[in-house]
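First the structure, in the form of structure tokens, and then the observations on it.
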Amino acid sequence: MAEHKRKKRVTPYEKAVNYLSQIEYIEEMIGEKQDIIDSLRSSITGTSASTESERVQTSPKDRLGETCAKIVDLCEQLNRGIDSLVDMKAEVIQTIDQYVDDLKERRLLYLRYLKFIPIESCAKELRISRATAYNFHKAAMQKIARKFENR
């Protein structure tokens, strides 16, 4: 008899952290796609017309066309990702503004989740102690967690 694994219930607080953290992940994926595009572009600008040592049946023009098509596809994906990122940032800003009324807590979340600054550096930026920054973060995230309580 197969044992059913029990799925761990994600708390509203954890959902709030995941929600705010997704911006950084989207931005990282955009950066990775951009790196791939840059690599492909540099490969086609460095392509030589010589095929003497190659044993492949495609011609350099075929490879060039295929690479250009890949670049176009990736650019379209990149643009969709950027549009998604802009929409997500606007939604996150709206959520922070809606649920967090304390301005220092709000600024801490902006620095942490929109500029990806570690909490310790946020504390320096806000001229507060590290412990106070962690307390502000926890209080603000508990407010954001209200958005996820009945989901």
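Values reported hereafter were calculated over all heavy atoms of this structure, with side chains retained and with hydrogens, waters and symmetry mates removed.
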Sequence neighbours excluded and cut-off under 3.5 Å, please list the side-chain donor-acceptor pairs for residues 135-146, or say none.
| residue | atom | partner | partner atom | Å |
| --- | --- | --- | --- | --- |
| Asn135 | ND2 | Ala131 | O | 3.3 |
| His137 | NE2 | Tyr113 | OH | 2.7 |
| Lys143 | NZ | Asp101 | OD1 | 3.3 |
| Lys143 | NZ | Glu105 | OE1 | 2.7 |

Working to the nearest 0.5 angstrom, can you tell me the gap between [X] [atom1] and [Y] [atom2]?
X: Ile44; Y: Ser39; atom1: CD1; atom2: OG; result: 10.5 Å
X: Glu28; Y: Ile23; atom1: CD; atom2: CD1; result: 12.5 Å
X: Asp35; Y: Leu40; atom1: CG; atom2: CG; result: 11.0 Å
X: Lys104; Y: Leu109; atom1: NZ; atom2: CG; result: 14.5 Å
X: Arg41; Y: Ser43; atom1: CZ; atom2: OG; result: 11.0 Å

Evaluate the side-chain proximity of Tyr25 to Asn18: yes if any heavy-atom separation is below 4.5 Å, no if none is.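 Asn18 does not reach Tyr25 side chain to side chain.
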Less than 4.5 Å apart, any side-chain heavy atom of Gln34 and any of Ile37? yes
Side-chain donor/acceptor of Gln22 to backbone N/O of Tyr19, under 3.5 Å: yes
Single-linkage hydrophobic cluster Leu111~Val100, side-chain heavy atoms < 4.5 angstrom: no
All N/O donor-acceptor pairs, side-chain side in residues 115-128, below 3.5 Å, sequence neighbours left out:
| residue | atom | partner | partner atom | Å |
| --- | --- | --- | --- | --- |
| Glu120 | OE2 | Tyr134 | OH | 2.6 |
| Glu125 | OE2 | Arg107 | NH2 | 3.0 |

Would you tabulate the side-chain donor-acceptor contacts of residues 77-90 under 3.5 Å, counting partners in other chains and residues two or more places apart, or write 'none'?
| residue | atom | partner | partner atom | Å |
| --- | --- | --- | --- | --- |
| Asn79 | ND2 | Cys75 | O | 3.3 |
| Lys89 | NZ | Glu27 | OE1 | 3.3 |

Once ring-ring contact (aromatic ring centres under 6.0 Å, His included) is applied, what residue pairs with a partner in residues 63-92 remain, sequence neighbours excluded?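 Every candidate ring-ring contact (aromatic ring centres under 6.0 Å, His included) pair involving residues 63-92 fails, so no pair, neighbours aside, qualifies.
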Could you pull out all residues at least two apart from Glu14 that satisfy salt bridge (charged side-chain N to carboxylate O under 4.0 Å, His left out)? Lys8
For the student: nearest non-hydrogen atoms of Ala133 and Leu108, plus distance: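 Shortest heavy-atom contact: O-CD2, 3.4 Å.
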If hydrophobic residues (ILVMFWY) are linked whenever their side-chain heavy atoms come closer than 4.5 Å, directly or via other members, who joins Leu103 in its cluster?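 None; Leu103 is a cluster of one.
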